[in-house]
Amino acid sequence: MLRKKHEFKPDRTDSGTLSKLYITKKQRLSLLKWFLFGLGLLVLSLVQDVIMSRFTVLGSTTDLVCGGIFLISLLIGVESCAVFALCASTVYYFAGFSPGVHCIILLTALSIFLNILRHSYLKKNFFSVTLCAVLGLMIYELLCFFFAIFVAQTSLHRIGIACMTCLLTGVALPVLYPIFVSIGKIGGETWKE
């Protein structure tokens with residue numbers, strides 16, 4: 001008997017291209033960690049713009065996103081810090097929250113410098129990480145302030161507002177520290193000090 005040309009054919013046994021995409025448990029946990037860091041910065045930007053922008057103390061408010069970028073950068077390794085700070089500061093600029101394009105360079109360079117300083121001379125603990133984050137925040141705010149003076153957007157007598165912003169954000173960093181430390185422990189630590 002002659003076979004018909006359009007006879008039933010069984011399904012293919014291979015499961016397609018998605019079966020070739022294999023992600024290990026450690027890679028999934030690493031992706032979850034970076035997703036939660038990004039989500040944390042998104043929440044900080046929403047809290048900053050929706051809630052904290054309505055409350056001022058002596059004309060200044062907090063700068064939670066920059067504090068979060070410094071805090072996360074100090075909790076991760078130096079290599080990861082450079083990539084994270086560059087990506088986070090670029091998103092921060094293009095989201096419209098930043099004072100200008102100079103924030104990309106300042107946040108990235110200060111994060112790398114402070115991370116190297118902390119890894120070289122200080123142990124990884126609450127005090128050293130928050131101290132370095134507040135130091136980075138103070139340098140960042142003052143450099144942004146002097147850049148605004150240079151381009152004639154503000155005057156020198158408003159330096160107290162920049163210092164008060166550092167102080168208010170520095171008070172918020174100890175609250176954010178345990179949250180970012182617990183997120184950073186997802187997937188294991190790359191290096192134990």
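No experiment lies behind these values; they were computed from the predicted model shown.
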Excluding sequence neighbours, so at least two apart, what forms side chain to side chain contact (heavy atoms under 4.5 Å, CB included) with [X]?
X: Leu143; value: Leu106, Ile139
X: Val83; value: Cys87
X: Cys81; value: Ser73, Ile76, Ser111, Ile112, Asn115

Quick check: do [X] and [Y] have side-chain heavy atoms less than 4.5 Å from each other?
X: Lys124; Y: Leu75; answer: yes
X: Phe146; Y: Ile159; answer: yes
X: Ile72; Y: Leu41; answer: yes
X: Cys66; Y: Thr169; answer: no
X: Cys103; Y: Tyr140; answer: yes
X: Lys123; Y: Ser128; answer: no
X: Tyr92; Y: Ile104; answer: no
X: Leu142; Y: Met138; answer: yes

### Query
What's in the same ILVMFWY side-chain cluster as Leu58, cut-off under 4.5 Å, chained through other members?
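Grouped by the 4.5 Å side-chain rule, Val57, Met164, Leu167, Leu168 form the rest of the cluster around Leu58.
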Could you tell me whether the side chain of [X] and the main chain of [Y] form a donor-acceptor pair under 3.5 Å?
X: Thr130; Y: Pro174; result: no
X: Thr61; Y: Met52; result: yes
X: Ser89; Y: Leu86; result: yes

Can [Y] be reached from [X] by stepping across I, L, V, M, F, W or Y side chains whose heavy atoms are under 4.5 Å apart?
X: Leu117; Y: Phe70; result: yes
X: Leu173; Y: Leu135; result: yes
X: Val175; Y: Leu131; result: no
X: Val181; Y: Val129; result: yes
X: Ile179; Y: Val65; result: yes

### Task
Describe, in one word, how the ring planes of Phe84 and Phe37 are oriented to each other, choosing from parallel (under 30°), tilted (30 to 60°) and perpendicular (over 60°).
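Because their plane-to-plane angle lies in the 30° to 60° range, the rings of Phe84 and Phe37 count as tilted.
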### Task
Could you check whether the rings of Phe126 and Tyr177 sit parallel, tilted or perpendicular, using 30° and 60° as the cut-offs?
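Phe126 vs Tyr177 ring planes: perpendicular.
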### Query
For Ser182, what residues pass the side-chain hydrogen bond (donor to acceptor under 3.5 Å, both in side chains) criterion, not counting sequence neighbours?
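side-chain hydrogen bond (donor to acceptor under 3.5 Å, both in side chains) list for Ser182, sorted by chain: empty.
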### Query
Can you list every side chain to side chain donor-acceptor pair (under 3.5 Å) pair that touches residues 36-49, not counting sequence neighbours?
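Pairs touching residues 36-49 that pass the test: Gln48-Thr62.
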### Query
How about Phe94: does its CZ atom have over 12 heavy atoms from other parts shown lying under 6.0 Å from it?
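No.
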